[in-house]
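All ligand and atom numbering here is 1-based and tracks the order in the structure.
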Amino acid sequence: MSRFWSPMVAGLTPYVPGEQPKTADLVKLNTNEHPYGPSPRAVEAMRAELGDSLKLYPDPESTRVKEAAARACDVCSEQVFVGNGSDEVLAHAFFALFQHERPLLFPDITYSFYPVYCRLYGIEHLTIPLSDAFQVRVDDYARPNGGIVIANPNAPTGRVLPLSEIERLLQRNTDSVVLVDEAYIDFGGDSAAALVGRYPNLLVVRTLSKSYALAGLRVGFALGDEALIEGLERVKNSFNSYPLDRVAIAGATAALDDHEWFERSRAAVIEQREALTGALEARGFEVLPSKANFVFARHPAQDAWTIAAGLRAERVIVRHFKLPRIEQFLRISVGTEEQHARLFAALDSVLAASVVGVS
Ligand code: PMP
């Protein structure tokens, strides 16, 4: 707290990202990074950019990335907005599209950055409870609102809504923007990108952090009607002209165009997710059906926080949220076969040693 702060800064509740540990030799399964490296073509394109060209500003429009995203998602480049990670894209979308009289709606359990943006921009919001099985019930959103945000698949549950349900939501909700955050869609869901062009109030937000294994590059994008994109551009150009640097533009373009790498690597993640689910179930865990690159699991007899702390002591880190309804769950990112073997060994010793039951 400082007397030099603008008054609203004291009232902010910043988002706390998962730990990025400084120590080596940890099995890091806590922030849903891709277990395999990015496309070698993307790495090569970034290497080629490292040189004299860096003395020049990048293209403020990131045109090449927009064109590559449009090719990858089968929309036109005028329907694409790009930003410095999808967190920045979301921030601009909240600012540009959700500051209205009526409250923004999103599930009670979802990506915890959404309420943070609401606080930052003074957006009133209402949380809509997921079902007992942690599913979004589209009918519950049929109420006056200034916008709706659905993460699909949802985080941290991993549960997916079929595209027909997203479309039903759009058909009923025509007076405000429906933002579908598809950070994890490439691991098994059907993208609402196919509906862009049919619904002028649909904004689909994507990222290269997960399925393209480029979390460190910070590239995200949004797909939507040209008028929505123009609104986002107005906000972006009032904030930062160059959200993507030259290296990011080169790497993102090449990654989006490397379909072969993309298909191979996402299939490998899906295969590992199913193996992880089976192995956790074999150890007594209840695992929610996931279409993401993580699973959300609880043990019927062992306290989640105790398990997470025990795993940490064994140099395996997973994510635990001390939040109502989900505090007995662990979110475990899909890793490599080797990382899973270390997770299972650690888990077996933690479960055998732990005597603390769930009350
Ligand atoms: N949306 C969801 C649902 C997420 O889980 C994340 C990752 N924390 C993001 C958006 C943001 O990802 P990034 O900024 O790396 O694109």
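The closest donor-acceptor contact from the side chain of Glu182 to the backbone of Ala192 lies under 3.5 Å. No donor-acceptor distance shorter than 3.5 angstrom exists from the side chain of Lys28 to the backbone of Val316, with no hydrogens or angles considered.
Of all the heavy atoms in Ile317 and Leu26, the pair that sits closest is CD1-CD1, 4.3 Å.
Residue pairs meeting the ring pair (Phe, Tyr, Trp, His ring centres under 6.0 Å) criterion with at least one partner in residues 169-202, sequence neighbours excluded, are Tyr184-Phe294.
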N or O contacts of ligand 1 with protein under 3.5 Å, please list pair by pair.
residue	atom	partner	partner atom	Å
ligand 1	1 (N)	Asp181	OD1	3.3
ligand 1	1 (N)	Asp181	OD2	2.7
ligand 1	5 (O)	Tyr184	OH	2.7
ligand 1	8 (N)	Tyr111	OH	3.2
ligand 1	12 (O)	Ser86	OG	3.3
ligand 1	14 (O)	Ser86	N	3.3
ligand 1	14 (O)	Asp87	N	3.0
ligand 1	14 (O)	Asp87	OD2	3.4
ligand 1	14 (O)	Arg218	NH2	2.7
ligand 1	15 (O)	Ser209	OG	2.6
ligand 1	15 (O)	Arg218	NH1	2.8
ligand 1	15 (O)	Arg218	NH2	3.4
ligand 1	16 (O)	Ser86	N	2.7
ligand 1	16 (O)	Ser86	OG	2.7
ligand 1	16 (O)	Thr207	OG1	2.6
ligand 1	16 (O)	Ser209	OG	3.4

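The shortest side-chain heavy-atom distance between Arg172 and Asp139 falls under the 4.5 Å cut-off.
Relative orientation of the His125 and Phe106 rings is parallel, given thresholds of 30° and 60° on the angle between their planes.
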